[in-house]
Amino acid sequence: MPSPRAIVGMDAHERITRNTAEVVTEEEIETLADDPDGKRAYVGYEPSGVLHIGHMLTANKLIDLQEAGFEVTVLLADVHAYLNDKGSFAEIRSTAERMRDQFIAYGLDESNTQFVLGSDFQLDEDYTLDLHALELETTLARAERAMADIKSGDSVKVSQAVYPLMQALDIPYLGVDLAVGGMEQRKVHMLARDVLPSIDREPPTSLHTPLIADLGTGEGKMSSSTGVTISMEDSREEIEEKVNKAYCPPTADPDSTEDGVERENPVLQVFEYHVFPRFETVVVERPDEYGGDLEYEAYEPLESDLESGELHPADAKGALAEYLDRLIAPGREQLAE
RNA sequence: CCGCCCUUAGCUCAGCCUGGUAGAGCAGCCGACUGUAGAUCGGCUUGUCCCCCGUUCAAUUCGGGGAGGGCGGACCA
């Protein structure tokens with residue numbers, strides 16, 4: 001079972017910033033960490049019905065923030081999903097509720113998490129007028145750049161140019177102190193920092209989680225739309241199969257491909273960003289002929305054991321599937337109801 | 001509104017001129033080899049050929065209409 005005990009000894013700043021790719025700015029984060037109680041953080045998600053490993057990564061950060069004393073808001077961004085061509089508004093809305101339940105099942109503290117539907121405030125007159133003010137401040141090229149890593153489809157619609165501006169505006173309207181997202185959100189957050197002062201709002205502090213490489217190849221970014229992802233719909237068997245097929249050379253720093261494409265070790269990344277943040281100890285079960293079980297209390301020793309050959313990738317994968325299954329099981333049961 | 005180009009396997013595209021229901025590369029899947037995966041080797045799968053109508057014994061191919069996408073429509077070149 002996931003245990004918050006693992007991080008009891010950690011101070012607020014460390015809890016807030018661990019496993020992040022970037023914080024903007026470090027000074028602002030330090031100020032928040034000095035007195036985190038009652039501070040507010042948020043992440044927005046386009047409702048998709050089923051939580052996948054990408055959602056889980058930012059959710060881990062929300063859990064860290066809650067344990068550090070933050071209040072957490074999850075924006076179920078129905079209007080954003082609609083603007084990003086994800087289906088009819090009615091369809092999108094109906095999936096939002098399922099998503100809420102899965103976040104709770106995953107481990108967000110229900111009593112300390114506020115779920116807000118975007119359409120509850122984004123259609124108000126004040127909001128709309130502020131949005132138009134931001135539109136007036138932003139070139140199409142800038143909005144398009146901000147959407148580069150987020151947009152669906154291969155052409156940019158006007159709706160998708162409005163999208164990042166709404167994200168910027170959501171921050172003051174939700175009254176949050178910290179915007180959280182994956183690294184694909186950074187250009188949106190930078191845009192927010194640039195444009196919000198034009199309507200007399202504070203530039204928001206933001207925190208970005210890393211993007212995990214494609215499980216199958218170690219290249220690029222894992223995506224729910226292309227390639228293999230792991231979601232709350234997966235059975236134990238499917239998780240084992242996907243993990244077993246994952247790219248996993250015995251190193252944390254694999255060579256680039258012949259074409260010069262950078263590669264990561266996605267198996268290690270999932271251990272680092274998904275398993276160790278939620279488990280106090282990780283036991284790698286291993287047949288006696290290969291040396292018997294191994295036990296880890298932190299990520300780094302596991303990585304160095306893989307590098308040295310002490311831990312074979314096949315055994316690491318067995319353990320990874322086991323712990324991923326434990327993380328997903330509550331959400332999977334939730335979905336089954 | 002007008003003009004040009006595009007639409008064929010999951011992706012990028014060839015084939016159409018000279019009608020007989022289709023191919024490559026990549027991806028994917030299976031096997032061999034590694035105690036994982038990858039790499040390497042061997043094998044294999046996949047298609048409403050955008051839609052409708054017409055011509056024809058026969059249309060992915062020809063003709064007409066439509067839809068979707070891209071680019072262009074001052075001057076200069």
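On a predicted model such as this, the values are computed, not experimentally measured, just so you know.
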Review point. B/rG69 C1' sits how many Å from A/D85 CG, rounded?
Key: 14 Å
**Study point:** Side-chain donor/acceptor of A/N84 to backbone N/O of A/S159, under 3.5 Å
**Key:** no
Check your understanding: Nucleotide by nucleotide, 5' to 3', does protein get under 4.0 Å of the base (B), only the sugar-phosphate (S), or neither (-) in nucleotides 38-46 of chain B, counting heavy atoms?
Key -> S--------
Review point. What nucleic acid atoms does A/P254 come within less than 4.0 Å of, heavy atoms only: base, sugar-phosphate, or nothing?
Key: nothing
**Study point:** Contacts of type salt bridge (charged side-chain N to carboxylate O under 4.0 Å, His left out), residue A/E322, not counting sequence neighbours
**Key:** A/R236, A/R326
Review point. What is the distance from CG of A/L311 to P of B/rG35, rounded to the nearest Å?
Key: 16 Å
Revision key, fill the gap. Ordered by number, residues from residues 314-323 of chain A within less than 4.0 Å of RNA chain B (heavy atoms) are A/A314, A/D315, A/K317
Study note, to complete from the structure: Pairing string of RNA chain B (Watson-Crick or G-U wobble, both atom distances under 3.5 Å; | = paired to other strand) is (((((((..((((......[..)))).(((((.......))))).....(((((..]....))))))))))))....
**Study point:** Test item: A/E91 side-chain N/O and A/S88 main-chain N/O as donor-acceptor pair under 3.5 Å
**Key:** yes
Study note, to complete from the structure: Atom NZ of A/K242 and atom P of B/rU36 are separated, to the nearest Å, by 22 Å
Review point. In whole Å, what separates the P atom of B/rU61 from that of B/rU18?
Key: 14 Å
Check your understanding: Rounded to the nearest Å, what distance is computed from the CG atom of residue A/L215 to the C1' atom of nucleotide B/rU36?
Key -> 12 Å
Check your understanding: Say you draw a straight line from CG of A/D109 to CD1 of A/I104; how long is it, rounded to the nearest 0.5 Å?
Key -> 7.5 Å
Study note, to complete from the structure: A/H312 NE2 to B/rG35 C1', in whole Å, measures 5 Å
Review point. Can you name the residues that form a side chain to side chain contact (heavy atoms under 4.5 Å, CB included) with A/D149, not counting sequence neighbours?
Key: A/E184
Exercise for review: Sticking with atom P, work out how far B/rA59 lies from B/rC51, rounded to a whole angstrom.
Suggested key: 14 Å
Practice item. Can you tell me, in whole Å, how much space there is between the P of B/rC2 and that of B/rU48? Key: 33 Å
Review point. Judged by atom type as modelled, is there a donor-acceptor pair below 3.5 Å linking the side chain of A/R40 to the main-chain atoms of A/L174?
Key: yes
Review point. Has the side chain of A/K317 got a donor or acceptor atom that lies under 3.5 Å from a matching backbone atom of A/K245?
Key: no
Point to revise | For A/D78, all residues meeting salt bridge (charged side-chain N to carboxylate O under 4.0 Å, His left out), sequence neighbours excluded | key: A/R93
**Study point:** From A/Y299 atom OH to A/L268 atom CG, the distance as rounded to the nearest 0.5 Å
**Key:** 4.0 Å
Review point. Going from OG1 on A/T31 to CG on A/D177, what distance comes out if it is rounded to the nearest 0.5 angstrom?
Key: 11.0 Å
Review point. When the C1' atoms of B/rU36 and B/rG70 are considered, how many whole Å apart are they?
Key: 45 Å
Check your understanding: A/K187: what forms a salt bridge (charged side-chain N to carboxylate O under 4.0 Å, His left out) with it, not counting sequence neighbours?
Key -> none
**Study point:** Gap between atoms CD and C1', on A/E219 and B/rA27 respectively (whole Å)
**Key:** 12 Å
Practice item. Between B/rU55 and B/rG10, how far apart are the C1' atoms? Round to whole Å, please. Key: 36 Å
Point to revise | Non-neighbouring partners of A/K39 that pass salt bridge (charged side-chain N to carboxylate O under 4.0 Å, His left out), sequence neighbours left out | key: A/D35
Practice item. Enumerate the residue pairs fulfilling ring pair (Phe, Tyr, Trp, His ring centres under 6.0 Å) with a member in residues 133-178 of chain A, sequence neighbours excluded, ordered by first and then second residue. Key: A/H80-A/Y163, A/Y127-A/Y173
Point to revise | Residues which pass side-chain hydrogen bond (donor to acceptor under 3.5 Å, both in side chains) with A/Q334, listed by chain and number, not counting sequence neighbours | key: none
Check your understanding: Looking at residues 288-308 of chain A, who's got a heavy atom less than 4.0 Å off RNA chain B?
Key -> A/Y290
Review point. Expressed as a whole number of Å, how far does the C1' atom of B/rG47 sit from that of B/rU34?
Key: 36 Å
Review point. More 5' along RNA chain B: A/K157 or A/P313, using each one's nearest nucleotide?
Key: A/P313
Study note, to complete from the structure: Separation of B/rA27 atom C1' from A/D214 atom CG, nearest Å, is 12 Å
**Study point:** Partners meeting ring-ring contact (aromatic ring centres under 6.0 Å, His included) with A/F103 (sequence neighbours left out)
**Key:** A/Y45
**Study point:** P spacing across the pair B/rA58 / B/rG69, given as an integer number of angstrom
**Key:** 35 Å
Exercise for review: In whole angstrom, give me the gap between the C1' atoms of B/rA14 and B/rG25.
Suggested key: 11 Å
